[in-house]
Amino acid sequence: MKSAKPYITEHKERFLDELIELLKIPSISADSAYKGDVIKTAEVVKASLEKVGCEHVEICETPGYPIVYGEKIIDKSLPTILVYGHYDVQPPDPLDLWDSPPFEPVIKTTDLHPEGAIFARGSCDDKGQMYMHVKAMEYMMATNQLPCNVKFMIEGEEEIGSESLGWFVGQNQEKLANDVILISDTGMIAPDVPSITTGLRGLSYVEVEVTGPNRDLHSGLYGGAVANPINVLSKMIASLHDENNHITIPGFYDTVEELSLEERAKMAEAPFSKENYKKALDIDDVYGEEGYTTNERNSIRPTLDVNGIWGGYIGEGAKTVIASRAFAKISMRLVPDQDWEKITDLFAKHFESIAPKGVRVKVTPHHGGQACVTPIDSLGYRAAEKAYEATFGKTPIPQRSGGSIPIVALFEKELKSKTILMGFGLDSDAIHSPNEHFGIWNYLKGIETIPQFYHYFTEISK
Ligand code: BES
Ligand code: MN
Ligand code: MN
């Protein structure tokens, strides 16, 4: 496979313009007010696949948002790569913390992106990274170099749990049959430290509700004499970690995969500066589970975090009130061998059991998914390593990530194939946050590296 660099240089402006157009559509899957935009984005993705030479491109209807499918089968005896990505994005709020509107992409330089970065919701997660694959396909087709078969499957519900995709995969095992799954929806350590993600955490997401008196009460007349649901909820949440920051839910750690000291030593070799980490986040110290390093805490250890908490009066000024109800949204990041449904049950049982008299507690499970680890001795991993060596001049470092793509574990189960997570984002790209961005250099490097993966995977599979 010839280097895609000259082709990328020639078409760079168009590659950027096309992505910018895609980023202008607010495909927020969590908010039904944007339903039309989510569907419109699927149409744009479909057209982009057709334009680069995919065949049988279709919008596959599901009980939820559609899945865009397209393929190019050149020879049934050659390997098939299944590319997965998502065209939906996270809600952009809080809007006032954005320096420019989330769906009006702008290019600006930053310390880590001296060549410029596109600022927009979805630029890195995952429209920008997904679109690298479309442009890599364009390169291979336009220069007659596609070395194997390819199938694209781009969904619109990743940010809300991929429920429809789970259903779709179950229904279409033959259509989706492949030799390796290729995903760019993760990150890498640094532009000069390429890495391949070899593990993702699982997730259990729940909502809790604590109800006290049957109506909001005057906090003077009733204060001190009835349980205040917000006080109680705060106390219950605080009790979910002990003084060492271990999670106190009975049975929570029972099946947690323990890494050997050797594996942990290997992990610790990856470049990491605690000072830079603290500086980037403007914190005076890190925080977390006793006995583990920062990199371990955010990848191989399970966590429990409140993602949102509300109740009572939050308007201007003061109102003296004891609210009738208090709420919180809680996520638990899970590691291999923890079953997310079991953990959800353990959480619910425990949370109900610690409620004091005077309140009622309700736990509502949302979505979840299993953690995954990908082997580093597979054909796909070796091909990915060679691809990075070709375009970065360096061997990539295997790295376990703390994020979740729950559908990956399901792919393995249903489609019986391994996934390669070739991410090109940086942790500082602010995915899910205000001012999300994606480096232009990263975007183009991805487009350059992906065709090399196709080449080496085909070669190694022979
Ligand atoms: N692309 C992310 C996951 C990710 C990001 C993994 C960076 C590794 C590094 C994905 O879109 C995502 O945000 N997943 C959700 C889970 C989903 C069920 C809502 C997450 O991790 O919170
Ligand atoms: Mn994503
Ligand atoms: Mn995401």
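Order of appearance sets the numbers: ligands from 1, and atoms from 1 within every ligand.
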Determine, using heavy atoms of [X] and all atoms of ligand 1, whether some pair is separated by less than 4.0 Å.
X      : answer
Gln90  : no
Arg201 : no
Asp126 : no

Ignoring hydrogens and geometry beyond distance, is a side-chain donor-acceptor pair present between [X] and [Y] at under 3.5 Å?
X      : Y      : value
Thr391 : Gln452 : no
His437 : Thr110 : no
Thr395 : Glu389 : yes

What protein heavy atom sits nearest [atom], and how far away is it?
atom                    : result
atom 11 (O) of ligand 1 : Glu158 OE1, 2.6 Å
atom 5 (C) of ligand 1  : Ile431 CD1, 3.5 Å
atom 21 (O) of ligand 1 : Arg333 NH1, 2.8 Å
atom 16 (C) of ligand 1 : Ser404 O, 3.6 Å
atom 19 (C) of ligand 1 : Glu159 O, 3.4 Å
atom 9 (C) of ligand 1  : Ser401 OG, 3.4 Å
atom 6 (C) of ligand 1  : Gly403 CA, 3.7 Å

Below 4.0 Å, non-hydrogen atoms only: which portion of [X] touches ligand 1? Side chain, backbone, both or neither.
X      : value
Asp185 : both
Pro406 : side chain
Leu203 : side chain

Exercise for the section: Could you tell me whether Glu138 and Arg14 make a salt bridge, using a distance below 4.0 angstrom between a side-chain N and a carboxylate O? Expected result: yes

Practice task
Could you grab the distance from atom CD1 of Ile230 to atom CD1 of Ile309, nearest 0.5 Å is fine?
Solution key: 8.0 Å

Problem - Pairs touching residues 372-388 that satisfy side chain to side chain donor-acceptor pair (under 3.5 Å), sequence neighbours left out - result: none

Practice task
May I ask you to list the atoms of ligand 1 that are less than 4.0 angstrom from any heavy atom of His86?
Solution key: 11 (O)

Practice task
Please step through side-chain contact (heavy atoms from CB on, under 4.5 Å) for the pair Trp98 and Glu436, ending with a clear verdict.
Solution key: CA-CA 9 Å; Trp98 284 78; Glu436 175 178 354; 4.1 Å; yes

Practice task
Decide if the gap between the ring center of Phe424 and the ring center of Tyr443 is smaller than 6.0 angstrom.
Solution key: no

Practice task
Verify the ring-centre separation between Phe152 and Tyr69: is it less than 6.0 angstrom?
Solution key: no

Practice task
If the plane angle is over 60° it's perpendicular, under 30° parallel, otherwise tilted; pick one for Phe457 and Phe453.
Solution key: parallel

Exercise for the section: May I ask you to test the Arg333-Ser404 pair for a side-chain heavy-atom distance under 4.5 Å? Expected result: yes

Problem - Side chains of Ile81 and Cys148 in contact at under 4.5 Å (non-hydrogen atoms) - result: yes

Handout entry: Criterion side-chain contact (heavy atoms from CB on, under 4.5 Å) against Val52, the qualifying member of Met140, Lys135, Met141
Key = Lys135

Handout entry: For the Mn ion (ligand 2), every protein N/O/S atom that sits closer than 2.8 Å, waters excluded
Key = His86 NE2, Asp125 OD1, Asp185 OD1, Asp185 OD2

